[in-house]
Amino acid sequence: MGLKKKTTTVLSPEPPEEAKSVDELCHLLQSPDADIRRDAAQQLIGEPKAASALMARVPDEADESVIEVLFSAIQSVVDESLVPDIAQCLKSDSAQVRNAAIQLFQLQPQLFAKHVLELLSDADTDTRIFAVDIIGAIQHHDARTWLHQVIQSDSSINVVGTAIDKLSEIGDVSSLPVLESARTKFADNGYICFAIDTVSKQLVDCANE
């Protein structure tokens with residue numbers, strides 16, 4: 001009895017999955033599956049046509065890992081058209097979203113500079129405080145001037161106090177008259193007067209070194 005030759009079945013490799021279009025990936029940002037949303041956002045990094053869709057997803061996104069990738073993608077395509085939405089993120093209930101928006105502005109100082117006066121005049125006190133924090137963090141030649149304007153014009157003790165604190169980092173002797181004007185304006189506020197004394201002494205000491 002002859003031996004039967006074994007037959008080997010050769011499996012054909014599955015064809016690679018066809019790359020999805022930008023529109024298809026933008027649609028997947030609304031998937032109920034967080035892994036799919038995260039993967040879609042990852043693939044949209046560097047795709048300017050996806051900027052609006054990426055930004056629109058942020059307010060409804062609850063998964064922290066997806067939010068992180070969304071902002072990475074937004075950072076890769078950010079332009080002036082997104083500034084109002086990024087500014088709106090500063091009002092978010094999510095600390096992660098607020099911090100991501102702050103970081104995004106810090107990484108785009110020229111873009112932030114074009115809209116800084118709008119942010120500093122926002123009706124929301126917290127938004128103005130965040131704007132002052134960003135001013136203190138970016139390397140911009142007008143940063144000190146912006147802080148002077150805040151101290152002279154803002155009526156919020158918290159906003160002015162934050163600006164005074166930032167002057168301790170980027171102020172110079174030109175800040176001293178501005179601080180004295182704030183002392184007059186907030187003469188009855190012990191916190192502000194103490195901050196002015198502290199920062200003024202620091203600036204004078206630095207000038208005399």
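The analysis underlying the following values was restricted to heavy atoms, covering all of them including side chains, and did not include hydrogens, waters or symmetry mates.
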Would you say [atom1] of [X] has more than 12 non-hydrogen atoms from neighbouring residues, nucleotides or ligands within 6.0 angstrom?
| X | atom1 | value |
| --- | --- | --- |
| Asp188 | CG | no |
| Glu24 | CD | yes |
| Asp79 | CG | yes |
| Lys114 | NZ | no |

- Is there side-chain contact between Val78 and Leu107, with heavy atoms separated by less than 4.5 Å? no
- Message: Please tell me whether Asn158 and Ser156 have a donor and an acceptor in their side chains that are separated by less than 3.5 angstrom.
- Response: no
- Query: Do you see a donor-acceptor pair shorter than 3.5 Å between the side chains of Glu118 and His115?
  - Reply: yes
- Task: Could you tell me the separation between the CD1 atom of Ile151 and the NZ atom of Lys166, rounded to the nearest 0.5 Å?
- Result: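 Output value for this atom pair is 12.5 Å.
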[X]-[Y] co-clustered via ILVMFWY side chain contacts under 4.5 Å:
| X | Y | answer |
| --- | --- | --- |
| Ile157 | Leu120 | yes |
| Ile164 | Phe194 | no |
| Leu179 | Val173 | yes |
| Ile45 | Val77 | no |

Name each donor-acceptor pair under 3.5 Å that joins a side chain in residues 65-76 to protein atoms two or more places apart or in another chain, with its distance.
| unit_1 | atom_1 | unit_2 | atom_2 | d |
| --- | --- | --- | --- | --- |
| Ser65 | OG | Arg38 | NH1 | 2.8 |
| Ser65 | OG | Asp63 | OD1 | 2.4 |
| Ser72 | OG | Glu68 | O | 3.2 |
| Ser76 | OG | Gly46 | N | 2.8 |
| Ser76 | OG | Ala73 | O | 2.6 |

- Task: Take Asp172 and Ser174 through the side-chain hydrogen bond (donor to acceptor under 3.5 Å, both in side chains) test and state the conclusion after the steps.
- Result: CA-CA 5 Å; Asp172 60 17; Ser174 71; 2.4 Å; yes
- Message: Using only atom types and a distance under 3.5 Å, with no angle test, would you say the side chain of Asp39 pairs donor to acceptor with the backbone of Asp35?
- Response: no
- Item | Side-chain donor or acceptor of Arg144 paired with backbone N/O of Ile170 under 3.5 Å |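 Present.
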Between [X] and [Y], is there a side-chain N and carboxylate O pair less than 4.0 Å apart?
| X | Y | value |
| --- | --- | --- |
| Asp122 | Lys91 | yes |
| Asp154 | Arg128 | yes |
| Arg183 | Asp197 | yes |

- Which heavy atom of Leu90 sits nearest a heavy atom of Ile102, and at what distance? CD2-CG1, 3.6 Å
- For Leu29 against Ala40, the heavy-atom pair lying closest together: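 Reported closest heavy-atom pair: CD2-CB, 4.0 Å.
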- Query: Would Phe112 and Leu119 satisfy side-chain contact (heavy atoms from CB on, under 4.5 Å), going step by step from the backbone distance to the final call?
  - Reply: CA-CA 9 Å; Phe112 171 77; Leu119 292 168; 3.5 Å; yes
